[in-house]
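The structure under discussion appears below in the form of structure tokens.
In each ligand, atom 1 is the first atom listed, and ligand 1 is the first ligand listed.
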Amino acid sequence: MSEVAAGLRTGLLELEQRFLMRNYSRQAVEFVRGEGVTLFDSEGNAYLDFLAGIGVCNTGHCHPQVVEAIREQAGRLIHTSNLFHIEQQARLAQRLADGFEPGARAFFCNSGAEANEAAIKLARKRRRRGEIVMLEGAFHGRTLGALSATPQESKQEAFAPMVEGFVAVPRSDVAALEAAVSERTAAVLLEPIQGETGVWPISEPMLEAARGLCDRTGALLVFDEVQCGMGRTGVLWASAQTSTVRPDVITAAKALASGLPIGAVIAGGEAADVFEPGDHGSTFGGGPLVCAAALATLDVLDDEQLLSRVRVLGDRLRVGLEAMAAAGRLIDVRGRGLIIGADLPDPRAAEVVTDALAQGIVLNATGPATLRFLPPLVIDEADVDRVLDFLGTAL
Ligand code: PLP
């Protein structure tokens, strides 16, 4: 990080270095304002955002409908706790449950990790001490249960021992999945498209095998749609795009309230009725402010016109990247809608991200040779073309 970088206010770096724990490495820029697909730094420079706060700002920055809902609710009531009834929470649950299946119910918390924790607890309570089967390359969060479901040595090692009863299988190995799932299994937990490890859509045969095994053994199929849900693939939930495979439980977070902290577990069938009073909870979860923001977010995103644009623009981006792959400048392109990963032939992804920032484009690398594209869903053709032009030169 360099202090002379554009957009970093004098003194901010010292303040952070003196008082913040050192768990993040940051790009040398401070964004102070956002509008649609554009972020502005503290010197007034504009950036095209192709990361959306890591898949959070799907409605674009400060969408007027979301801002208005937050403003209106903040002026009326911010917090009471779950000791009392909360209309916005019930309406949000209705909206999510109705979109899932008849009889479904929702639970609200504050993040993706917490949503997965809740889903793991729900599955374990239902099955009494059962195991959780997950896929290699998964990322389900940083709290200890969610981390135990995140089979990555680099993330787990310092915090051992992990919670017991978690079993990982390779992401496309149907036989290994069959061997791992048994009557002891409480849940198979997977992201329909793995996001953090470089955008890896899980194959149909793997999803079908997971569904079949859960049906046969009585385990729950839990889809973590924290990153790939909320319109990101051009439908509200990525799992709705798969052939016939439907999960018993969906976990959501990130984009659900356009940037206010929220997590949700949506469960159907008997999974909807597993939790009883006292089993689980959250002081802040499902508060009126965040639920008002989530309802406004759904008003914007649950719109076939916008979702079809996501598919069109995602195709445009992917076709452009695939042309670069055909020319040998990329070696693989993966993803659906506006969650796309691309592998470079060399470990230069961090350099490309830094170059992009210098040219006013916010990009992201998930690994030394992998770029990830997660723009707000309100981008247009010119935004896609600008990023493709940049990559055409940078690569
Ligand atoms: N699950 C998935 C698929 C994610 O991508 C993430 C975060 O990147 C999480 C869970 C954890 O979410 P949070 O950071 O809100 O705890």
Side-chain angles (χ1 to χ4, degrees), residues 21 23-26 51-58 107-123 132 134-152 154-156 159 162-163 166 168 171 187-202 207 210 221-233 236-239 241-242 247 249-266 282 284-286 290 293-294 297 334-341 364-367 370 372-375:
M21 289 197 191
N23 56 317
Y24 297 115
S25 35
R26 301 174 197 265
L51 180 57
I54 322 183
V56 167
C57 307
N58 289 13
F107 163 80
F108 296 106
C109 48
N110 313 285
S111 66
E114 279 181 64
N116 288 324
E117 289 287 337
I120 291 165
K121 283 180 69 177
L122 185 156
I132 308 296
M134 68 276 183
L135 303 185
E136 287 172 6
F139 183 88
H140 295 296
R142 305 274 193 166
T143 55
L144 210 47
L147 184 62
S148 303
T150 297
Q152 297 180 42
S154 62
K155 297 198 168 53
Q156 291 185 340
F159 307 102
M162 292 294 106
V163 177
F166 287 77
R171 71 163 78 84
V188 175
L189 168 62
L190 60 86
E191 300 153 80
I193 301 176
Q194 293 183 342
E196 288 303 295
T197 47
V199 186
W200 293 95
I202 302 305
L207 295 175
L221 182 58
V222 182
F223 279 2
D224 175 345
E225 295 227 19
V226 166
Q227 187 162 149
C228 63
M230 291 305 292
R232 175 88 12 222
T233 64
L236 194 59
W237 303 115
S239 45
Q241 262 167 342
T242 61
V249 177
I250 283 181
T251 57
K254 283 194 184 281
L256 181 51
S258 291
L260 292 194
I262 189 169
V265 180
I266 309 149
S282 164
F284 294 121
V290 75
T297 300
R334 300 175 296 271
R336 282 207 307 268
L338 289 170
I339 174 168
I340 296 180
N364 174 247
T366 59
T370 305
R372 173 176 52 175
F373 306 90
L374 280 179

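Numbered from 1 in the order shown, with element, the atoms of ligand 1 that lie under 4.0 Å from a heavy atom of G141 read 11 (C). Ligand-side atoms of ligand 1 in range of D224: 1 (N), 2 (C), 3 (C), 10 (C), range being under 4.0 angstrom from any heavy atom. Near S111, meaning under 4.0 Å from one of its heavy atoms, ligand 1 places the atoms 15 (O), 16 (O). Set against the non-hydrogen atoms of Q227, the atoms of ligand 1 under 4.0 Å away are 5 (O), 8 (O). Taking a cut-off of under 4.0 Å to the non-hydrogen atoms of E191, the atoms of ligand 1 that pass are 3 (C).
No side-chain donor-acceptor contact under 3.5 Å links N58 to the backbone of A255. Panel note: side chain S148, backbone L144; a donor-acceptor pair is recorded below 3.5 Å. Remark: side-chain polar atoms of E225 are not paired, donor with acceptor, to backbone N or O of W237 under 3.5 angstrom. Remark: the backbone N or O of G137 is paired with a side-chain donor or acceptor of T197 at under 3.5 angstrom.
If you look at E114 next to ligand 1, there are no close heavy atoms at all, none under 4.0 Å. Contact annotation: for N116 versus ligand 1, heavy atoms closer than 4.0 Å belong to the side chain alone.
Atom 11 (C) of ligand 1 has A113 N, 3.6 Å as its closest protein atom, hydrogens excluded (heavy atom only). Here the heavy atom of the protein found nearest to atom 2 (C) of ligand 1 is F139 O, 3.3 Å. Looking at atom 13 (P) of ligand 1, its nearest protein heavy atom turns out to be G112 N, 3.5 Å.
Of the protein's heavy atoms, at least one falls inside 4.0 Å of atom 5 (O) of ligand 1.
For the residue pair T150 and Q156, no side-chain donor N or O sits within less than 3.5 Å of a side-chain acceptor on the partner. In this model, no donor atom of one side chain and acceptor atom of the other lie less than 3.5 Å apart for R232 and Q227.
Between E196 and R372 there is a salt bridge, with a side-chain nitrogen of the basic residue lying less than 4.0 Å from a carboxylate oxygen of the acidic one.
Taking both residues in full, the closest heavy atoms of A138 and A149 are given as CB-O, 4.1 Å, listed atom of the first, atom of the second, then distance.
In this structure, R142 has no heavy atom closer than 4.0 Å to ligand 1.
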